[in-house]
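One is the number of the first residue; the rest follow in order along the sequence. Both counts, for ligands and for their atoms, begin at 1 and track the order of listing. When reading the values below, keep in mind they use all heavy atoms of this one structure, side chains included, and skip hydrogens, waters and symmetry mates.
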Amino acid sequence: MKAVEANFDGLVGPTHNYSGLSFGNVASAKNQSVPSNPKQAAKQGLAKMKALSDMGMVQGVLAPQERPDVKTLRQLGFTGSDKAVIEQAAKQAPKVLAACCSASSMWTANAATVSPSADTADGKIHFTPANLTNKFHRSIEHEVTGRILKATFADSRYFVHHPALPAVEHFGDEGAANHTRFCHQYGEQGIEFFVYGRHAFDSRYPAPKKFPARHTFEACEAVARLHQLENDSLVIAQQNPDVIDQGVFHNDVIAVGNKDILFCHEQAFLNQRGVYDELNLKMSGEFKVIEVPTSAVSVEDAVTSYLFNSQLLALPSGETLLVLPEECRNNPNVWAYVQQMLAEKRGIDKVQIFDLTQSMANGGGPACLRLRVVLNEQEQQAVNPATLMSDRLFTRLNDWVDSHYRDSLVESDLADPLLLEESRSALDELTKILDLGNAYPFQR
Ligand code: SUG
């Protein structure tokens with residue numbers, strides 16, 4: 001059956017800020033306390049979505065979370081009115097308040113793992129929201145994420161929604177940031193490639209020493225079971241622990257794949273040759289690896305430029321496009337490599353650069369901002385149409401951002417009770433624009 005790959009990008013929420021919450025994510029640590037610009041962040045994201053939609057790609061929007069997360073703050077013992085809850089948290093535990101204000105759900109590559117219907121035994125698309133247990137500010141996303149996904153992909157004839165895995169480190173799951181699907185045609189059975197950082201139940205395997213491995217082998221296996229994937233169309237590989245220790249906190253910081261191409265750094269995986277061999281064998285037919293050597297692009301270059309946090313897209317014309325952040329053009333090694341790769345015609349036909357500086361400063365590039373969902377024609381018809389990008393939705397969301405978002409936010413602003421009011425009124429309007437029903441705790 002004919003199918004396309006749709007991208008669902010996270011809309012940046014009104015509380016976008018830099019709080020240094022992600023140990024192991026170099027950009028997050030570096031930009032802690034730098035003032036953010038939520039309005040610009042949201043508009044940069046919308047501009048990318050619109051550009052992809054204008055290229056003829058199916059592009060959707062996933063709503064942000066309710067932040068500040070008063071419900072979680074109450075769970076942590078803060079009481080009284082919503083305003084009092086925030087005031088107490090700001091006074092007694094400002095870092096906890098910052099965590100409960102993060103707009104981190106914008107990186108929808110971490111929203112869930114998605115398996116297309118061509119790969120699953122019951123022929124339905126399976127979604128498992130990622131529990132994101134390694135970081136507190138992210139571990140509080142999955143419930144509302146699940147609700148937003150259900151409101152976007154509602155028809156149970158086509159879509160199956162699982163709850164997140166048990167919320168403990170043994171089953172740490174970071175979603176599609178560590179999941180890639182290879183195939184020859186989107187509508188045909190593909191190979192699902194899961195990448196993890198460590199084994200939770202077996203200490204014989206290597207693990208990073210400095211920074212955390214957020215995703216476990218056991219989580220990969222559990223999601224593959226839930227999604228009813230066959231062993232011969234499944235590859236589970238370990239990330240190279242040394243690169244995690246250099247700031248590669250997700251596999252999508254060092255590798256990206258699409259259709260029959262894997263574009264990755266030579267240090268991405270443990271037993272890299274073995275990984276290529278297994279993928280090659282299971283893909284049966286054409287499978288190309290574009291491997292970038294350390295001599296051309298160091299791991300540090302990869303981490304600061306986000307060369308691999310690119311979107312590798314099959315355009316309707318048949319050409320392959322690599323969507324890169326501006327930071328790649330600013331890094332001489334990376335840019336020289338990109339030029340050489342294009343000249344050598346290694347499988348990627350062109351590149352397009354986007355200004356995503358607001359997201360990049362928290363360690364989120366083009367690929368972090370999107371969740372891929374392969375949809376056949378019937379499934380596409382069943383998607384909530386209000387979430388699909390169009391000229392009208394683009395204008396509407398830009399106007400919505402203009403009327404609700406601030407253009408500067410620093411940590412002390414998170415205690416401002418007006419921010420809570422502004423965010424809630426913005427999100428209340430958004431649920432109507434995107435036809436999501438009452439997705440947020442404050443609406444229930
Ligand atoms: O989980 N940053 C996110 C970035 C996620 C990027 N996603 C992918 N690679 N797919 C994270 O580390 C920083 C928040 C702060 O520090 O304010 C943050 O959560």
Side-chain angles (χ1 to χ4, degrees), residues 7-10 12-13 15-38 41 45 62 64-65 67-69 94-114 130-142 145 172-180 195 197 211-215 239 243-244 247-257 268 302-312 323 325 327 356-372 409-411 413-414:
N7 286 282
F8 283 79
D9 280 42
V12 180
T15 60
H16 163 66
N17 74 95
Y18 303 116
S19 284
L21 299 171
S22 281
F23 177 61
N25 167 344
V26 179
S28 155
K30 183 172 158 234
N31 294 306
Q32 169 160 12
S33 304
V34 168
S36 64
N37 184 334
L62 291 174
Q65 306 254 330
R67 297 289 181 267
D69 184 347
K95 269 293 160 203
V96 175
L97 175 64
C100 290
C101 288
S102 178
S104 53
S105 67
M106 65 202 262
W107 300 295
T108 52
N110 304 116
T113 305
V114 185
N131 61 24
L132 302 171
T133 50
N134 189 258
K135 299 283 177 264
F136 170 65
H137 70 291
R138 305 223 57 186
S139 70
I140 55 179
E141 292 174 20
H142 66 81
T145 297
D173 175 14
E174 299 280 318
N178 292 328
H179 176 258
T180 308
V195 181
F211 291 147
R214 299 190 191 186
H215 200 127
Q239 228 188 315
V243 300
I244 296 180
V248 182
F249 58 98
H250 288 135
N251 178 59
D252 70 5
V253 177
I254 198 119
V256 59
V303 170
T304 50
S305 71
Y306 266 37
L307 170 63
F308 300 99
N309 200 264
S310 43
Q311 286 179 265
L312 187 55
V323 167
E327 285 73 0
L356 296 165
T357 42
Q358 285 290 322
S359 168
M360 284 289 286
N362 249 340
C368 299
L369 286 161
R370 61 95 170 96
L371 181 67
R372 298 190 274 191
L409 209 59
V410 290
E411 200 168 328
D413 296 328
L414 303 177

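For ligand 1, the atoms lying closer than 4.0 Å to a non-hydrogen atom of Ala177 are 10 (N). Less than 4.0 angstrom separates some heavy atom of Ser28 from each of these atoms of ligand 1: 13 (C), 15 (C), 16 (O). Against a heavy-atom cut-off of under 4.0 Å, His250 is close to the following atoms of ligand 1: 7 (N), 8 (C), 9 (N), 10 (N). Of all atoms in ligand 1, listed by their number and element, those nearer than 4.0 Å to a heavy atom of Gly20 are 15 (C), 16 (O), 17 (O). Short contacts between ligand 1 and Gly363, defined as distances under 4.0 Å to a heavy atom of the residue, involve ligand atoms 4 (C), 6 (C). Within the listing of ligand 1, atoms 10 (N) sit less than 4.0 angstrom from a heavy atom of Ala109.
Shown here is Lys30, whose NZ atom has no more than 12 heavy atoms of other residues, nucleotides or ligands within 6.0 Å.
Contacts between Asn25 and ligand 1, counted as non-hydrogen atom pairs separated by less than 4.0 Å, involve the side chain only. With a 4.0 Å heavy-atom cut-off, ligand 1 is reached by the side chain of His137 but not by its N, CA, C or O. Heavy atoms of Cys368 found under 4.0 angstrom from ligand 1 belong to the backbone as well as the side chain. In Arg138, the part holding a heavy atom less than 4.0 Å from any atom of ligand 1 is the side chain.
For the atom pair CZ of Arg214 and OG1 of Thr133, the computed distance is 10.0 Å after rounding to the nearest 0.5 Å. In this structure, Cys368 SG and Gln311 CD are separated by 10.0 Å, a value rounded to the nearest 0.5 Å.
When side chains are defined from C-beta on, Leu371 counts as touching Leu62, because their heavy atoms get closer than 4.5 Å. Between Met106 and Asp9, every side-chain heavy-atom pair lies at or beyond the 4.5 Å cut-off. Val12 is not listed as a side-chain neighbour of Gln358, based on a closest heavy-atom distance of 4.5 Å or more. A 4.5 Å side-chain heavy-atom check between Leu356 and Glu327 finds every atom pair outside the cut-off. Side chains of Ser102 and Arg138 form no contact here, defined as non-hydrogen atoms less than 4.5 Å apart.
The two residues Asn31 and Tyr18 make their nearest non-hydrogen contact at O-CB, 3.2 Å.
Within the structure, the closest approach of Asn17 to ligand 1 falls below 4.0 Å when heavy atoms are considered. For Arg214, the heavy-atom gap to ligand 1 drops under 4.0 angstrom. Between Lys135 and ligand 1 there is no heavy-atom distance shorter than 4.0 Å.
Ring planes of Tyr306 and Phe249: tilted class, angle from 30 to 60°.
Of the listed options Leu371, Asn362, Asp252, Asn362 places a heavy atom closest to atom 15 (C) of ligand 1.
Screening His250, Glu141, Lys135, His142 for a side-chain contact (heavy atoms from CB on, under 4.5 Å) involving Asn110 leaves a single residue, His250.
Given atom 18 (C) of ligand 1, the protein heavy atom at minimum distance is Ser22 OG, 3.3 Å. In terms of protein heavy-atom proximity, atom 17 (O) of ligand 1 is nearest to Ser19 N, 2.9 Å.
Checking only distances, Trp107 never comes within under 3.5 Å of ligand 1, N or O to N or O. For ligand 1, the polar-atom distance check against Tyr18 finds no nitrogen or oxygen pair separated by under 3.5 Å.
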